[in-house]
Amino acid sequence: MNYWLMKSEPAAFSIADLQTRPKKTEHWDGVRNYQARNFMRAMKKGDLAFFYHSSCDVPGIYGIVEINREAYPDPTAWDPENHHYDPKSTPERPLWDMVDVRFQRELKRPVTLAMIKANAALKHMPLVQRGSRLSVLPVTASEWNTLLKMENT
DNA sequence: GCCAACGTTGGC
DNA sequence: GCCAACGTTGGC
């Protein structure tokens with residue numbers, strides 16, 4: 001079992017939105033970065049991920065989701081109407097993948113980016129590295145447990 | 001293969 | 001809205 005962190009702008013798609021979806025499940029589409037895509041390809045069904053809200057008043061971790069389906073082609077990449085359209089990807093040769101995530105729970109209170117930055121045990125997370133913009137990133141078991149404890153403080 | 005220009009991300 | 005950092009593109 002591996003752990004991950006996935007970013008979303010809550011104005012576009014939040015943890016609360018996920019909870020309202022049928023079966024509380026949604027495709028994680030729109031990823032157009034190779035490194036993030038490769039992390040999604042490494043995800044296994046049953047892996048857990050933190051749901052991170054970015055570009056908002058209080059950036060941070062707001063919930064937990066479960067990987068419900070492993071990586072498969074992202075059809076929004078070959079839809080010219082889609083904001084994330086990429087003509088390099090075709091149904092014959094898909095370039096971009098997505099996974100399905102299922103709502104697990106919201107955190108009792110958010111673990112904010114400020115809290116994460118203030119914790120020395122988390123200083124190696126790509127999230128807090130200078131200039132890191134990865135929208136999907138791995139979390140070690142140790143970091144996962146540290147972050148879970150911070151939910152209660 | 002280099003590198004300038006450009007677009008995007010995302011915190012502040 | 002600003003801007004730093006990064007990835008991508010495309011001319012040469």
Side-chain angles (χ1 to χ4, degrees), chain A residues 2-21 26-43 47-67 70-101 103-140 142-144 146-153:
Chain A
N2 285 304
Y3 298 105
W4 309 93
L5 182 147
M6 303 170 85
K7 294 184 190 174
S8 180
E9 298 187 15
F13 184 64
S14 70
I15 184 76
D17 292 330
L18 178 60
Q19 192 171 11
T20 68
R21 293 296 199 267
E26 187 55 277
H27 320 297
W28 201 274
D29 59 28
V31 171
R32 298 292 181 266
N33 170 281
Y34 287 102
Q35 206 175 349
R37 182 202 66 181
N38 292 342
F39 284 136
M40 285 205 299
R41 287 182 173 175
M43 290 176 174
D47 282 359
L48 296 176
F50 284 125
F51 195 120
Y52 180 94
H53 286 182
S54 65
S55 298
C56 57
D57 284 350
V58 184
I61 296 167
Y62 283 74
I64 297 175
V65 300
E66 180 179 3
I67 305 307
E70 295 174 12
Y72 62 109
D74 177 354
T76 67
W78 57 69
D79 172 9
E81 304 292 309
N82 191 280
H83 178 62
H84 297 288
Y85 174 60
D86 182 355
K88 294 194 299 299
S89 184
T90 65
E92 293 73 31
R93 295 190 61 184
L95 182 60
W96 302 111
D97 281 0
M98 61 186 185
V99 296
D100 288 357
V101 298
F103 176 87
Q104 195 169 68
R105 68 180 181 87
E106 285 194 64
L107 297 193
K108 283 175 258 179
R109 73 198 83 164
V111 173
T112 67
L113 179 61
M115 292 162 64
I116 295 169
K117 282 183 170 172
N119 191 325
L122 301 173
K123 66 180 179 185
H124 296 298
M125 288 188 73
L127 186 70
V128 295
Q129 302 300 311
R130 203 172 72 127
S132 172
R133 302 180 313 184
L134 268 182
S135 63
V136 178
L137 50 115
V139 175
T140 68
S142 158
E143 290 162 350
W144 182 271
T146 299
L147 289 160
L148 273 186
K149 282 181 200 150
M150 291 164 71
E151 175 188 16
N152 298 307
T153 58

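Letters A, B, ... mirror the listed sequences (proteins, then strands); counts begin at 1.
Residues passing the ring pair (Phe, Tyr, Trp, His ring centres under 6.0 Å) test with A/W144, sequence neighbours excluded: A/Y3, A/F50. The ring pair (Phe, Tyr, Trp, His ring centres under 6.0 Å) search around A/Y62 returns A/H53, not counting sequence neighbours. In terms of the side-chain hydrogen bond (donor to acceptor under 3.5 Å, both in side chains) criterion, A/N2 has no residue partners (sequence neighbours excluded). For A/E66, there are no side-chain hydrogen bond (donor to acceptor under 3.5 Å, both in side chains) partners two or more places apart in sequence or in a different chain. For A/D17, the side-chain hydrogen bond (donor to acceptor under 3.5 Å, both in side chains) test picks out A/S14, with sequence neighbours left out. By the ring pair (Phe, Tyr, Trp, His ring centres under 6.0 Å) test, A/Y34 is found to be paired with A/W96, residues two or more places apart in sequence or in another chain being considered.
Annotation: proximity of residues 108-118 of chain A to DNA chain B (heavy atom, distance under 4.0 Å) is found for A/L113, A/K117, numbered in ascending order. Of the residues in residues 125-137 of chain A, those with a non-hydrogen atom less than 4.0 angstrom from any atom of DNA chain C are A/R130, A/G131, A/R133. Contacts of residues 80-99 of chain A with DNA chain B (heavy atom under 4.0 Å): none. Within residues 47-60 of chain A, the residues that have a heavy atom under 4.0 Å from DNA chain B are, in order of number, A/Y52, A/S54, A/S55, A/P59.
Donor-acceptor pairing under 3.5 Å is lacking for the side chains of A/W28 and A/D100.
Remark: the backbone N or O of A/G30 is paired with a side-chain donor or acceptor of A/D74 at under 3.5 angstrom. A donor-acceptor pair under 3.5 Å is formed between the side chain of A/R32 and the backbone N or O of A/H84. Using a distance-only test at 3.5 Å, with no hydrogens or angles considered, a donor-acceptor pair links the side chain of A/R37 to the main chain of A/L95.
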Does the pair A/T146 and A/L122 meet the rule for a side chain to side chain contact (heavy atoms under 4.5 Å, CB included), with working shown? CA-CA 8 Å; A/T146 299; A/L122 301 173; 4.0 Å; yes

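When DNA chain B is scanned 5' to 3' for any atom under 4.0 Å from a heavy atom of chain A, the first and last hits are B/dG7 to B/dC12.
Counting only residues at least two apart or in different chains, side chain to side chain donor-acceptor pair (under 3.5 Å) contacts with residues 120-137 of chain A are absent.
When every heavy atom of A/F39 is checked against every heavy atom of A/L134, the shortest pair comes out as CE1-CD1, 3.6 Å. Minimum heavy-atom separation, A/E106 to A/Q19: OE2-OE1, 3.8 Å. In this structure, A/M115 and A/M150 approach most closely via the heavy-atom pair O-CE, 3.5 Å.
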